[in-house]
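By convention here, the first residue in the shown sequence is residue 1. Here the structure is a predicted model, which means the values were calculated and not measured.
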Amino acid sequence: MKSNIIAFLLLFAGLFTSAQTKMNAAEIKQFTARISAESKKIKTLQANFVQTKKMDFLNKDLVTSGEMALQAPGMLSWKYTKPYQYSVVFKNGKMHINDQGKKSTINAKSKNFEKLNKLIIGSANGNLLNDPDFSVSYFKSGSNNMARFIPKSAQLLKYIKQVDLHFAPNQTVVTQVNMLEASGDTTNIVFKNTKVNAPVPAAAFSL
């Protein structure tokens with residue numbers, strides 16, 4: 001159970017390695033102002049995702065896919081559908097888990113748990129740009145933009161070394177999230193078919 005929880009909390013993992021150049025001050029100001037303004041308008045967010053996890057002790061990458069849904073201010077659903085079924089739903093200060101039919105609920109109100117929850121939600125909607133728990137640097141890679149986050153908290157650094165949020169040209173929602181874990185393992189998640197402010201079915205937040 002504990003390993004599944006940690007795996008979920010660290011699902012936004014990976015290392016972006018293609019050529020990058022740092023944004024200058026004017027570019028940072030323009031980029032952050034646009035993302036911050038648009039993220040405040042996001043009430044709901046839905047997307048399909050493909051996750052690729054690289055672990056040192058495995059010869060093959062772990063590739064999974066599923067659906068995510070977010071509803072402001074703090075409801076989040078993350079459901080793996082292939083090659084197995086595993087769901088996590090954050091709501092009302094609790095984390096609800098359905099591990100292939102085995103259900104459980106965990107109180108998510110500890111300080112570290114709340115920071116990790118905020119990290120996950122902020123990674124999906126772009127609000128992480130304004131999070132004081134991270135040092136942020138900004139890059140351009142071709143026509144794409146990227147924000148890189150380094151945790152300031154010693155507690156978070158036990159789990160996470162680096163988070164990268166990627167934004168496609170002329171888009172203000174995150175298209176790809178990468179994180180490098182303290183262990184050195186990485187995972188890349190690509191969002192597809194993203195819908196902003198569309199009605200979210202109640203079933204999305206149930207197990």
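Contact of the N145 side chain with the R34 side chain is registered, since non-hydrogen atoms from C-beta on lie closer than 4.5 Å. Residues Y138 and E27 form no side-chain contact, since every pair of their non-hydrogen atoms from C-beta on lies 4.5 Å or further apart. When side chains are defined from C-beta on, E181 counts as touching K53, because their heavy atoms get closer than 4.5 Å.
Taking CG of N188 as the reference point, atom CG of N178 lies at 4.5 Å (rounded to 0.5 Å). Here OG of S87 is found 10.0 Å from CD of Q100. Values are rounded to the nearest 0.5 Å. Note that the CG atom of L76 and the CE atom of M95 stand 11.0 Å from one another [nearest 0.5 Å]. Here T105 contributes atom OG1 and L207 contributes atom CG; the two are 7.5 Å apart, rounded to the nearest 0.5 Å. Interatomic distance, Q162 CD to S135 OG, rounded to the nearest 0.5 Å: 12.0 Å.
With hydrophobic clusters built from ILVMFWY side chains whose heavy atoms lie under 4.5 angstrom apart, L45 does not share a cluster with V190. Hydrophobic clustering, with ILVMFWY side chains joined whenever heavy atoms are under 4.5 angstrom apart, keeps I160 apart from I150.
Without hydrogens or angle criteria, T194 side chain to A47 main chain gives no donor-acceptor distance under 3.5 Å.
Annotation: salt bridge (charged side-chain N to carboxylate O under 4.0 Å, His left out) contacts involving residues 58-78, sequence neighbours excluded, comprise K54-D61.
Residues V136 and A147 come closest through the heavy atom pair CG1-CB, 4.3 Å. When every heavy atom of T172 is checked against every heavy atom of F167, the shortest pair comes out as O-CE2, 3.8 Å.
Residues passing the side-chain hydrogen bond (donor to acceptor under 3.5 Å, both in side chains) test with S206, sequence neighbours excluded: none. With sequence neighbours excluded, no residue satisfies side-chain hydrogen bond (donor to acceptor under 3.5 Å, both in side chains) with Q30. Residues passing the side-chain hydrogen bond (donor to acceptor under 3.5 Å, both in side chains) test with K41 are E38, sequence neighbours excluded. Residues forming a side chain to side chain contact (heavy atoms under 4.5 Å, CB included) with A72 (at least two apart in sequence, or on another chain): none. Scanning for side chain to side chain contact (heavy atoms under 4.5 Å, CB included) contacts around A69 gives Q46, S77, V200, A204, F205, with sequence neighbours left out. With sequence neighbours excluded, no residue forms a salt bridge (Lys or Arg N to Asp or Glu O under 4.0 Å) with K29. For N197, the side-chain hydrogen bond (donor to acceptor under 3.5 Å, both in side chains) test picks out no residue, with sequence neighbours left out. Judged as a side chain to side chain contact (heavy atoms under 4.5 Å, CB included), and not counting sequence neighbours, the contacts of T64 are Q51, Y80, P83, Y84. In this structure, the side chain to side chain contact (heavy atoms under 4.5 Å, CB included) partners of P169, at least two apart in sequence or on a different chain, are S143, N144.
Taking Ile, Leu, Val, Met, Phe, Trp and Tyr as hydrophobic and joining them when side-chain heavy atoms fall under 4.5 Å apart, one finds V50 in a cluster with V63.
Ring geometry for F134 versus F149: interplanar angle over 60°, hence perpendicular rather than tilted (30 to 60°).
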